[in-house]
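Report on the following structure.
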Amino acid sequence: MEIKKAIIPVAGLGTRFLPLSRAIPKEFFPLVDKPVIQYIIEEVKKTGIKEIVFVVSPGQKTVLDYFQKSPELEKTLVKRKKDKILKELKDFEEIFEDITFSYVVQKKPLGDGQALLQAAKKVNGEAVAVSFGDDVVDSDEPALSQLINIFNTCSAPVVALKQLPREKLPAYGVVAVEKIAHNLYKIKKIIEKPELSEAPSNLVVVGKYVLTPEVFQYLKKAKPSDKGEIILAEVFDKMLSDGKVIYGYELKGEWLECGDKLKWLKSFFYLALKDPRFKDELREYIKNLKFKI
Ligand code: UTP
């Protein structure tokens with residue numbers, strides 16, 4: 001089963017970024033000079049996938065507008081002889097030229113699983129790649145390609161995993177696993193935000209997956225929680241208790257989280273301090289700061 005589509009849910013509330021997220025959806029926060037979402041689209045493109053389905057909240061058009069061509073701006077740049085900027089704009093537009101974007105609307109933010117369910121009609125019984133809008137991975141091989149490689153040999157859902165220091169685990173979905181090969185596991189259970197003493201491993205779920213049609217069947221059958229939410233991790237857990245196989249793959253690369261203020265700031269610094277255009281000046285600037293760090 002070839003993977004032709006990627007779903008990117010961007011309909012969450014982003015409450016951890018208030019007040020900024022009232023003005024800008026968190027997927028459009030900058031990482032150096034590009035919005036977070038662009039890193040994710042570039043990752044999808046590198047995997048060879050050409051169809052992207054966004055799950056957006058009602059009225060949130062920023063994500064679709066961002067990837068549109070801007071002929072008016074091009075004309076203005078030509079008139080003003082801004083050749084260098086014009087080239088940059090054309091290079092940017094070229095990145096997305098061969099990708100088709102579409103969207104579905106999630107009327108209310110009722111969970112990541114409910115967001116994916118809205119895209120079910122676009123899936124047509126195929127396996128799909130999924131990336132949340134706030135998880136970037138800096139790696140040689142794109143994170144989604146790493147997952148797709150596993151899917152190509154096992155034809156079952158694949159969940160991206162990363163090791164974290166123990167003290168961080170209670171803020172994440174932590175998996176109980178059986179190791180089957182280098183970086184590859186069978187997931188036995190997913191425990192959302194466990195007490196430290198109950199964390200079954202140091203491996204946590206990253207917001208990147210390959211989902212099979214069966215996952216969508218389970219999403220359709222899932223009973224919403226008391227709060228009306230459908231959570232993907234809970235749906236996986238139901239599949240596991242029914243004896244279904246779900247693989248976990250420990251990603252190679254640096255996980256740049258952008259889900260809260262501190263994580264986003266760290267990801268920003270990581271990329272800025274690596275960027276050949278800025279790194280020397282930035283290091284110098286930090287070294288010469290008047291206050292102690
Ligand atoms: P998060 O768990 O980060 O939730 O979503 P959130 O609502 O965006 O942010 P907080 O917790 O209020 O700060 C993970 C991914 O799932 C999407 C988000 O946009 C993000 O890409 N999501 C989440 C939806 O599309 N819909 C939802 O109902 C929930």
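For the numbers below, each heavy atom of this structure counts, side chains included, while hydrogens, waters and symmetry mates do not. When a ligand or atom number is given, it counts from 1 through the structure's own listing order.
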Exercise for the section: Go through ligand 1 atom by atom and flag the ones less than 4.0 Å from a non-hydrogen atom of K26. Expected result: 1 (P), 3 (O), 6 (P), 8 (O), 9 (O)
Exercise for the section: Identify, by atom number and element, the atoms of ligand 1 in contact range of G133, meaning under 4.0 Å from any of its heavy atoms. Expected result: 21 (O)
Exercise for the section: Just let me know how E27 lines up against ligand 1, side chain, backbone, both or neither, with a heavy-atom cut-off below 4.0 Å. Expected result: side chain
Exercise for the section: Have a look at ligand 1 and work out which part of A115, if any, has a heavy atom under 4.0 Å from it: side chain, backbone, both or neither. Expected result: side chain
Handout entry: Distance-only polar pair, side chains of E93 and S70, donor-acceptor under 3.5 Å
Key = yes
Handout entry: Subset of ligand 1 atoms that lie under 4.0 Å from at least one heavy atom of T15
Key = 10 (P), 12 (O), 13 (O)
Practice task
Below 4.0 angstrom from a heavy atom of P109, which ligand 1 atoms are there? Numbered from 1 as shown, please.
Solution key: 28 (O)
Completion exercise
Within 4.0 Å of some non-hydrogen atom of R16, the atoms of ligand 1 are 1 (P), 2 (O), 3 (O), 9 (O), 10 (P), 11 (O), 13 (O)
Practice task
Show which atoms of ligand 1 fall inside a sub-4.0 Å distance from at least one heavy-atom site of Q106.
Solution key: 24 (C), 25 (O), 26 (N), 27 (C), 28 (O)
Problem - Presence of salt bridge, K46 and E141, under 4.0 angstrom - result: no
Exercise for the section: Decide if atom CZ of F269 counts as having more than 12 heavy atoms of other residues, nucleotides or ligands within a radius under 6.0 Å. Expected result: no
Practice task
Ignoring hydrogens and angles, state whether a donor on the side chain of E254 or Y270 is under 3.5 Å from an acceptor on the partner side chain.
Solution key: no
Handout entry: Presence of salt bridge, K188 and E178, under 4.0 angstrom
Key = yes
Problem - Neighbour count above 12 (heavy atom, 6.0 Å) for D140 CG - result: no
Problem - Nearest-contact summary for atom 25 (O) of ligand 1 - protein heavy atom, Å - result: A11 N, 2.9 Å
Problem - ligand 1 N/O within reach of D112 N/O, cut-off under 3.5 Å - result: no
Practice task
Considering only non-hydrogen protein atoms, determine which one is nearest to atom 18 (C) of ligand 1 and report residue, atom name and distance to 0.1 Å.
Solution key: G12 N, 3.6 Å
Practice task
Determine whether more than 12 heavy atoms belonging to other residues, nucleotides or ligands lie under 6.0 Å from atom CD of E167.
Solution key: yes
Exercise for the section: Check the side chains of Y172 and E257 for a donor-acceptor pair under 3.5 angstrom, ignoring hydrogens and angles. Expected result: yes
Problem - atom 28 (O) of ligand 1 - nearest protein heavy atom and its distance - result: G111 N, 2.8 Å
Exercise for the section: Return yes or no for this condition: an N or O of L13 is under 3.5 Å from an N or O of ligand 1. Expected result: yes
Problem - Cation-pi, Y39 ring and K34 (6.0 angstrom, 45 degrees) - result: yes
Handout entry: Interfacing atoms of ligand 1 (cut-off 4.0 Å, heavy-atom, L110)
Key = 28 (O)
Exercise for the section: Tell me, please, whether F29 has K26 positioned over its six-membered ring: NZ or CZ under 6.0 Å from the ring centre and within 45 degrees of its axis? Expected result: no
Exercise for the section: Considering heavy atoms of the protein only, find what lies nearest to atom 17 (C) of ligand 1 and give residue, atom and distance to 0.1 Å. Expected result: P9 O, 3.8 Å
Problem - Nearest-neighbour protein heavy atom for atom 14 (C) of ligand 1, which is reported as residue plus atom name and distance - result: F132 CD1, 3.6 Å
Practice task
Say whether V55, considering both its backbone and side-chain N or O atoms, lies within less than 3.5 Å of an N or O atom on ligand 1.
Solution key: no
Handout entry: Side-chain donor or acceptor of R283 paired with backbone N/O of L273 under 3.5 Å
Key = yes
Handout entry: Contact atoms of ligand 1, heavy-atom distance to D134 under 4.0 Å
Key = 3 (O)
